[in-house]
2 protein chains.
Amino acid sequence: MKSNFNDKQIQILEVAEILFAEKGFDGTSIRNIAKLAKINIAMVSYYFGSKERLLESLIVYRTSDLKNQLENIVQEELEPIDKINKLIELYINRINSNRGIYRILHFEFTSKKREQNLQAFSELKKGNLKSLESIIEEGQKKGIFRKDVIIPLITPTILGTFFHFHMNKPFFENLLNLKTEDLYNNYIKTNLTKHIQQTIKALLIYES
Amino acid sequence: MKSNFNDKQIQILEVAEILFAEKGFDGTSIRNIAKLAKINIAMVSYYFGSKERLLESLIVYRTSDLKNQLENIVQEELEPIDKINKLIELYINRINSNRGIYRILHFEFTSKKREQNLQAFSELKKGNLKSLESIIEEGQKKGIFRKDVIIPLITPTILGTFFHFHMNKPFFENLLNLKTEDLYNNYIKTNLTKHIQQTIKALLIYES
DNA sequence: AACAAAACTAAACAAGCGTTTAATTTAAAC
DNA sequence: GTTTAAATTAAACGCTTGTTTAGTTTTGTT
């Protein structure tokens, strides 16, 4: 599928992503975007109609292929627990290398204010939940996973742990001595991912 | 300890809390606050100096007694796992009944922009981590808890799960059929809290 | 080369922003 | 009851905001 945006629009979208993620939607002005993208301030309205619709376009631009990647994992020939681990890895990897947009989603699409845009986003989340659900049910049928877990609450545990870590980046950089960006990223890729996998595995398998 | 704020200031702080939580710091104007608090727009500058310092005052006003409550739990005569459960309950309860301020902390104190205010907030978090640490080490010495957990990552799992759930409130209201505010709150108090307790217990006790 | 559509620009628009000023009302102290 | 300080107000300040206008340049088509 080809992108519906031309080069200029993509240029604007990527600058907007950086600034929205950094300063928030309300904290970013069209003049900020125009300056950094080296375009005239009228171009945003010209190409996207309004600042609000620029945000919508940005969401569409960035969240269109996660669904497929998740569904692929479900189909693979793996043990349920390995699928779960792979799913967690995919989530962390994707969000971590697209921090900007997920930070924006996290920040801007929670308030009532943007409820209309929420619809498409909500559908995406429902689809993702379906994928997780089918993996866990598979594990339950095989007798590997316990049956009293609340499946919709597993996503909050996976994503919430990552987000809370990442949102408190300065705190953990200091606490864990992650002086460089590389050290920080590496900690996420290894320790944090493993912690989440370990947590979810324990939750799914442990019998009290 | 008596509060340093007079009635009028508290009135302003509480309105600011509602609006900052709802619309964000940048999304809220002093005129919004003044109108809802039924005061003159000059009163904010008069009492707090600036909008930025109003936010600082709000943090101070709301986060001053969590530390003690946590330290009390550590001291109690309970099994480590019960202390953990109690700590989780305290966190959820407190945050849930002070949603506004924690939402603001979550949103506004992550960007580099407000790094100076971050200092006091960071100290608070370090203290809270110390409390958690001493409980877990107690459990490890007793041979109840496994020793390869990364303690600083447990807080992100507890708080992150709750936040992610709460930040996606409209989604979960719809998904879990929580039509009224009461149903939603009750779900947090019972199912979500239990899910988190179950998760952390499994993580701390399960041997692979 | 002539034309039309698309891309782009500088300037202006009204509205809202945080903050300050200067004047007035209220409260407290003596 | 007079004086002094604190609380409160309406108005104005200069600045930034998102968007629109009207005009110019660039591009593509015949």
Side-chain angles (χ1 to χ4, degrees), chain A residues 2-61 104 107-109 111-117, chain B residues 2-61 104 107-109 111 113-114 116-117:
Chain A
K2 234 179 112 186
S3 173
N4 299 313
F5 302 111
N6 64 39
D7 290 357
K8 207 87 198 185
Q9 285 177 299
I10 290 174
Q11 176 193 353
I12 297 171
L13 286 170
E14 294 190 339
V15 168
E17 181 178 26
I18 293 168
L19 292 179
F20 287 165
E22 191 179 311
K23 297 145 55 108
F25 181 77
D26 290 320
T28 304
S29 73
I30 290 188
R31 281 167 181 80
N32 293 153
I33 297 169
K35 193 174 181 184
L36 195 60
K38 286 167 188 158
I39 50 141
N40 188 278
I41 54 164
M43 297 308 289
V44 171
S45 288
Y46 178 73
Y47 275 126
F48 298 97
S50 71
K51 189 187 174 191
E52 193 81 24
R53 299 223 279 129
L54 168 65
L55 176 59
E56 290 176 43
S57 298
L58 181 56
I59 308 298
V60 172
Y61 176 59
I104 296 164
F107 274 43
E108 307 297 343
F109 279 78
S111 65
K112 296 271 171 202
K113 200 167 55 174
R114 307 193 205 288
E115 207 151 9
Q116 65 231 57
N117 323 55
Chain B
K2 232 179 112 185
S3 175
N4 298 313
F5 302 112
N6 64 39
D7 291 358
K8 206 89 198 182
Q9 286 177 300
I10 289 173
Q11 176 192 353
I12 296 171
L13 286 170
E14 294 190 339
V15 168
E17 181 178 27
I18 293 169
L19 292 179
F20 287 166
E22 190 179 314
K23 297 145 56 107
F25 181 76
D26 290 321
T28 303
S29 73
I30 291 187
R31 282 166 180 81
N32 293 153
I33 298 169
K35 193 173 180 185
L36 194 59
K38 285 168 189 158
I39 50 141
N40 188 277
I41 55 163
M43 297 306 288
V44 171
S45 290
Y46 178 72
Y47 275 126
F48 298 97
S50 69
K51 188 187 173 190
E52 193 82 25
R53 299 224 278 128
L54 168 64
L55 176 60
E56 290 175 44
S57 298
L58 181 56
I59 308 298
V60 172
Y61 176 59
I104 296 163
F107 274 40
E108 307 297 342
F109 278 78
S111 66
K113 201 165 56 174
R114 308 193 205 287
Q116 66 232 54
N117 322 55

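Proteins get letters first, then strands, A, B, ... in listed order; numbering begins at 1 in each.
- A straight line from CE of B:Met43 to P of C:dG18 spans 17 Å, rounded to a whole angstrom.
- Listed nucleotides: D:dA12, C:dG18, C:dT21. Nearest to the side chain of B:Ile41: D:dA12.
- Listed pair A:Lys8 / C:dC8 meets the phosphate criterion, a side-chain N or O lying under 4.0 Å from OP1 or OP2.
- The side chain of B:Ile30 lies closest to C:dT19 when the candidates are C:dC8, D:dA7, C:dT19.
- Side-chain atoms of A:Arg31 come within donor-acceptor range of the base of D:dG18, with a qualifying N/O pair under 3.5 Å.
- One atom, CD1 of B:Ile33, and another, P of C:dG16, lie 17 Å apart when rounded to the nearest Å.
- The two residues A:Asp26 and B:Gly27 make their nearest non-hydrogen contact at OD2-CA, 3.6 Å.
- Here B:Ser29 lies in heavy-atom contact (under 4.0 Å) with sugar-phosphate atoms only.
- For the pair A:Lys38 NZ and C:dC8 C1', the interatomic distance rounds to 17 Å; values are reported in whole Å.
- At D:dA7, one or more side-chain N or O atoms of B:Tyr46 fall inside 4.0 Å of OP1 or OP2 (strictly under the cut-off).
- In this structure, A:Phe5 and A:Tyr61 have perpendicular ring planes: the angle between them is above 60°, well past the 30° mark.
- Listed nucleotides: C:dA10, D:dA7, C:dA7. Nearest to the side chain of A:Asn40: C:dA10.
- The phosphate of D:dA6 has neither OP1 nor OP2 within less than 4.0 Å of any side-chain N or O from B:Tyr47.
- Taking atom NZ of residue A:Lys35 and atom P of nucleotide D:dT16, one finds them 11 Å apart after rounding to whole Å.
- Following rounding to the nearest Å, B:Ile39 (CD1) and C:dT26 (C1') show an atom-to-atom distance of 17 Å.
- To the nearest angstrom, C1' of D:dT17 lies 8 Å from NZ of A:Lys51.
- Per the geometry, CG belonging to A:Asn6 stands 13 Å off P belonging to D:dG28, to the nearest Å.
- For A:Ala42, counting side-chain heavy atoms from C-beta on, the closest listed nucleotide (D:dT20, C:dT21, C:dC8) is D:dT20.
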Inset, instruction - Starting from the C-alpha separation in whole Å, work towards a yes-or-no answer on side chain to side chain contact (heavy atoms under 4.5 Å, CB included) for B:Leu54 and B:Phe20. - result: CA-CA 11 Å; B:Leu54 168 64; B:Phe20 287 166; 4.2 Å; yes
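- Residue-level contact check: A:Phe48 touches neither bases nor backbone, having no heavy atom under 4.0 Å from any strand.
- A straight line from CD1 of A:Ile12 to C1' of C:dT9 spans 14 Å, rounded to a whole angstrom.
- Of the possible polar contacts, none joining the A:Lys23 side chain to the A:Ser29 backbone as a donor-acceptor pair under 3.5 Å is found.
- For the atom pair CD1 of B:Ile59 and CD of B:Glu17, the computed distance is 9.0 Å after rounding to the nearest 0.5 Å.
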